[in-house]
Amino acid sequence: MARVALVTGGSRGIGEAISKRLKADGYEVAATYAGNDEKAAAFTEATGIKTYKWNVGSYEESAAGIAKVEAELGPIDVVVANAGITRDAPFHKMTPAQWQEVIDTNLTGVFNTVHPIWPGMRDRKFGRVIVISSINGQKGQFGQVNYAATKAGDLGIVKSLAQEGARAGITANAICPGYIATEMVMAIPEEVRAKIVAGIPAGRLGEPEEIARCVAFLAADDAGFINGSTISANGAQFFV
Ligand code: CAA
């Protein structure tokens, strides 16, 4: 039986590449999305990957959605907490709403995604938890106090889960992508983005498939001793 993988935010951006890669590697994949029905339908049409709509910021919606995925596809073996948003602003202009939206999606969203799946992984003595953090959780970023806080928090979640899951055959690892060519990065004002790219030794943005490659590595059955680690994929922009 194929292993089942859930990818939040799995129909667009980095998540889309992750969903496709896992499907190509033989996983039964479920991809979640938050709002864009049209894009999700086109994604399913093109890939055959089922999509499910819920807000990862809501525990109730996440638990209900996960129960539906498990009823339709079987128990989830691999969970990729990828869904994330930005609400960039310098700190003196950042509103409480911009802070809260990012916390709800990028940090609480990881709790909401993993928590309902975790007991089943413990019972079955197998699980792969992969959280998509960010280079900006490692180094901070002008204009991203909210986002950097969540992405650093995601690393704390992973390091703690790794210790709790290790004896139950569950691994938890993080990937810190650098600047990847997705809508999120393309939304940065062009002149700002040009300066960022100039600071990447690789001289280019990363491709979503280069992050999916890391996920495939961590998700594998024989990756069981890689636990609590952080893979940086950033074109040599930053070293921990
Ligand atoms: N370092 C130092 N100063 C900076 C700066 C930086 N990195 N970026 C901007 N500034 C300065 C500007 O030079 C300008 O200074 P002056 O006023 O002296 O001219 C000032 O800050 C701009 O201030 P504003 O009040 O005009 O700022 P703004 O309201 O226009 O907001 C911003 C600016 C939203 C922060 C914008 O610079 C921006 O979008 N920056 C990019 C942030 C970023 O990297 N986001 C990542 C998104 S992608 C992602 O998050 C994926 C991932 O995981 C990597």
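Just so you know, ligand 1 is whichever comes first in the structure, and atom 1 is the first atom listed for that ligand. Computed from heavy atoms alone, side chains included, the values below leave out hydrogens, waters and symmetry copies.
When hydrogens are left out, the protein atom nearest atom 23 (O) of ligand 1 is Pro90 CG, 4.5 Å; that is the closest non-hydrogen contact. Closest to atom 1 (N) of ligand 1, if we only count protein heavy atoms, is Phe142 CD1, 3.4 Å. Here the heavy atom of the protein found nearest to atom 30 (O) of ligand 1 is Lys93 NZ, 4.5 Å. In terms of protein heavy-atom proximity, atom 41 (C) of ligand 1 is nearest to Val192 CG1, 3.7 Å. Protein heavy atom closest to atom 49 (C) of ligand 1, with residue, atom name and distance, is Met184 SD, 3.8 Å. The shortest contact between atom 43 (C) of ligand 1 and any protein heavy atom is with Asp88 OD2, 3.6 Å. Of the protein's non-hydrogen atoms, the one nearest atom 35 (C) of ligand 1 is Gly143 CA, 3.6 Å. Closest to atom 46 (C) of ligand 1, if we only count protein heavy atoms, is Gln144 NE2, 3.3 Å.
Not a single N or O atom of Thr86, backbone or side chain, sits closer than 3.5 Å to an N or O atom of ligand 1.
Between Thr182 and ligand 1 there is no heavy-atom distance shorter than 4.0 Å.
Side-chain polar atoms of Thr8 and Asn82 form no donor-acceptor pair below 3.5 angstrom.
Between Tyr179 and the options Val197, Ile135, Asn234, a side chain to side chain contact (heavy atoms under 4.5 Å, CB included) holds for only Ile135.
Relative orientation of the His115 and Phe111 rings is parallel, given thresholds of 30° and 60° on the angle between their planes.
When all heavy atoms of Glu207 and Ile180 are compared, the closest pair comes out as C-CG2, 3.6 Å.
At a heavy-atom distance under 4.0 Å, no atom of Ala187 approaches ligand 1. Looking at Ile180 against ligand 1, nothing comes within 4.0 Å, counting heavy atoms.
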